[in-house]
Amino acid sequence: MTNLISDLNIQQQQAVMSGLGPILVLAGPGSGKTRVLTRRVAYLISTMGVNPFQILAVTFTNKAAREMESRVLELIKNVPQGLSMGTFHSICARILRRESKYLPIQSNFVIFDQDDQVRLVKKILKDQNIDEKRFQPNSVHSAISKAKNDLLLVDSFPVNSYRDEVIKRVYQHYQEALYVNNAVDFDDLLLWTAYLLEEHSDIKEKYARRYEHVLVDEFQDTNIAQYEILKNITSFHHNLFVVGDADQSIYRWRGADYRNVIRFEKDFPDTQVILLEHNYRSTQNILDVATSVINKNPYRVPKILFTDRGQGEKVSVYEALNDRIEADFIVETIVNIVAKRKAEAGDFAIMYRTNAQSRLIEEAFLGRGLPYRLIGAQRFYGRREIKDMIAFLRLVHNPNDEVSLSRIINVPPRKIGNKTMIDLHTVAQNAKIPMGLLLQKIAENPNSGFYEVFSNRSITALEPFGRLLSSWISLRDASAPLELIDRIITDIDFHNYIDDGTEEGLGKWENVMEFRRLAAEFKDEDLTTFLEQIALVSDQDTLREDTNIPTLLTLHAAKGLEFPIVMITGLNEGTLPHNRSFDEPEEMMEERRLFYVGITRAQDQLYLIYSQERSAYGFSEPTEPSRFLYDIPAELLSNLNRSSYHNIGQGSSKKSKWQSNNKRKDLEINKTKEQKYLPGTMVEHPHWGEGLVLNSRFDDGDEIVDIFFKGVGQKKVATSLANLVITKSNLK
DNA sequence: AGTCATTCCTTTTTT
DNA sequence: AGGAATGACT
């Protein structure tokens, strides 16, 4: 037993060995929370004698689940069987397949990804003659998704405006379409599971009794549906062990609510709270930078991050002329450091706010002929040729799936156009059978009088495809996914169709081959498992650590990871923070947390990079450095523009913005005594009423304050102009 | 039905 | 700038 805890600190040990009941571990970045979770599972099995079958561990990615499982195996000699591990979505999918008889869908349902979901919304908008300009498919879909994450079914969807009314109508049709296609979307996985547990006491009892211990990682990013599932699934044993950090909550837009962390203590009054603050990842300088950034967020429980790794190097700041030079600087810097053998290529991670930013960086790498690794499974599976392959498989797996059917019925072109599709749809509807089945019937007996509505031309086009589909379906249950894929590729001569001899065509074919390689790993699994896994892959799941090359990833994808050297790029107003967060304080707070997550990924060195100009939509425009940079004390930073990097860009002679900002910063530090409106101060404004000071700085001798007014939002106020009255001072 | 040109839209973030 | 969607033409 000692080997399970002997290398842990007191708080970690306390967490691992804590008793029964609800336990909330508030874990700062790099504080070893994954370790604690793993040890806790091992401890429960080996010391407390808990049957692995009765343990459920929810992780944020499937990769994390696999890793945790294999570490538990290492820790315990006798191999534990029956552990339930995975993401909320994959665990729910498993439950739903098992309990499908209670649902309006069958157990071989397909899981629609984002793309399919929006596509379906779009189709419904068209069918319903709703103006796509006023009701953009994306925003309608996200409204539906949001409702689902809040556990609102169609009937309870609140209507306060005409817009709501329209969305409700689309929601209704959308949901019906899912049933017809025997499909669920991501949100349904959670929604249906929550519903089953809530409405069917026997199911709730079954799972609540089974899962004696439930452990949850990244608890700050759970949404209402997930929280309800947890409450019900632990309702028998009450052993809920959650780990999270409200400062690292970055999925608000997906319905996640970091306030679940606070709610937890309220809902479970006997909760034991354990705080992990000791950081084992970063140098103190990096932690101090992180703290200075996150401290500007209001309404949070302050944490003190400390390490015994020493002060470390200062955090580097670089101002590039534009985003292209930014990318060059990144690659150049990596090349130099690797050449000096101070680090290996694989030590570097480059992080950015939006996927679009990766392009220039990729080009910089390619220009030098250097390899890199791009994280982003969505992007791979989103490629047209891959989506087509998946659509073929889905159709074979579930012939009811009309979304997939209409996607590929004419791929490659086989003379089935709009007209034929409409006919097919009408006949299928009249016969009350799915189009997939109708196709097979046509193949069986093309001359049946039943099909006379079709023109000869249609029938001759449809019949061969129906035969193909039938032959694939007969292959389905007996063979591995790879065999089916190869058969489809051959039957439709996909290679010839995809690879048209151009470079682009070759690239596409290589993607197909990559997909094939991926499928080869599922040789012992059935098609259902394969399709489910690729529907629920997270970006991180594709991360392979076996090659020693730099990693490119979004800040969101960086969650939970760590790298010796981290470069955060695009630290400009409008990019980070993203301009869509400007008029919503909650969003702005999340941008800050996102930056915080990025900073705290770094172990040894951190680079903060921004540009004077950035290009968007093809045009280059001047941009300001990110407001977050102003929150970092100058003494923690080292400015690279002043020293050895004059050769990059021509900005050396010019006074950099950053230098002037630093001066401003110094000014602010010197004038601290005169600063009247410290963050946390409550003030009264003649027009907007009472507000909370978020931050304050000096500009040209005037104190500029960001204030959050209740019911009004965040406002920037110059104190010399506004008549502010301090109602509650924050001075100690 | 398929091909080509033009327009239009995009950029948050992802299970 | 680049890719997708629409529309005219063959």
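A note on names: the letters A, B, ... follow the listed sequences, proteins ahead of strands, and every chain is numbered from 1.
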To the nearest angstrom, the CZ-P distance between Arg254(A) and dT14(B) comes to 9 Å

Find which nucleotide of DNA chain B each of Tyr617(A) and Tyr251(A) is nearest to by heavy atoms, and output the residue with the more 5' nucleotide. Tyr617(A)

Taking only N and O in the side chain of Thr554(A), is any of them less than 4.0 Å away from OP1 or OP2 of dT14(B)? yes

Test applied, ring-ring contact (aromatic ring centres under 6.0 Å, His included); reference residue, Tyr251(A); option that passes from Phe60(A), Tyr258(A), Phe88(A): Phe60(A)

Within the 4.0 Å heavy-atom criterion, would you say Arg252(A) contacts the bases, only the backbone, or no part of the nucleic acid? nothing

What integer distance in Å separates Asp221(A):CG from dT14(B):P? 13 Å

How about CZ on Arg263(A), more than 12 heavy atoms from neighbouring residues, nucleotides or ligands closer than 6.0 Å, or not? yes

Once you round it to whole Å, what is the distance between C1' of dG3(C) and CD of Glu385(A)? 13 Å

For the side chain of Ala557(A), counting heavy atoms from C-beta on, which of dG2(B), dT14(B), dT6(C) is nearest? dT14(B)

When you measure from the side chain of Arg384(A), which nucleotide among dT11(B), dT14(B), dA5(C) comes out closest? dA5(C)

If only side-chain N and O atoms of Asn149(A) are considered, is one of them under 4.0 Å from the OP1 or OP2 phosphate oxygen of dT15(B)? no

It should be established whether Asn138(A) places a side-chain nitrogen or oxygen under 4.0 Å from OP1 or OP2 of nucleotide dT10(B). no

Looking at Lys415(A), I want to see if its NZ is surrounded by more than 12 non-hydrogen atoms of other residues, nucleotides or ligands under 6.0 Å. no

Rounded to the nearest Å, what distance is computed from the CD atom of residue Glu591(A) to the C1' atom of nucleotide dT11(B)? 12 Å

Nearest-0.5 Å distance that lies between atom OG1 in Thr222(A) and atom CG in Asp257(A): 8.0 Å

Is the shortest side-chain N/O distance from Asn355(A) to OP1 or OP2 of dT13(B) below 4.0 Å? yes

Measure from the side-chain heavy atoms of Ser538(A) and tell me the nearest of dT6(C), dT15(B), dT11(B). dT15(B)

If you assign each of Arg119(A) and Arg359(A) to its closest nucleotide in DNA chain C, which residue comes earlier from the 5' end? Arg359(A)

In whole angstrom, give the distance that lies between atom CZ of Arg324(A) and atom C1' of dA1(C). 10 Å

Is Trp253(A) stacked on the base of dT13(B) when the test is centres under 5.5 angstrom and planes under 30 degrees? yes

Under a 3.5 Å distance rule, please check whether His397(A) uses its side chain to pair with a backbone N or O of Val110(A) as donor and acceptor. no

Does Thr420(A) have a side-chain nitrogen or oxygen under 4.0 Å from the phosphate oxygens OP1 or OP2 of dA1(B)? yes

Are there over 12 heavy-atom neighbours, none belonging to Arg627(A), within less than 6.0 Å of that residue's CZ? yes

Where each residue is assigned the nucleotide of DNA chain B containing its nearest heavy atom, which of Phe186(A) and Gly417(A) is assigned the position nearer the 5′ end? Gly417(A)

Need one value for Asn410(A): base, sugar-phosphate or nothing, where a base atom within 4.0 Å counts as base even if backbone is also close, heavy atoms only. sugar-phosphate

Nearest whole angstrom, please: distance from the P of dT13(B) to the NZ of Lys146(A). 20 Å

Taking CD from Gln117(A) and C1' from dT15(B), how many angstroms apart are they, rounded to a whole number? 9 Å

Measuring only the P atom in each nucleotide, how far is dT13(B) from dA4(C)? A whole number of Å is fine. 16 Å

Expressed as a whole number of angstroms, how long is the span from Asn572(A):CG to dT11(B):P? 20 Å

Return the nearest nucleotide to the side chain of His578(A); candidates are dA1(B), dT15(B), dT11(B). dT11(B)

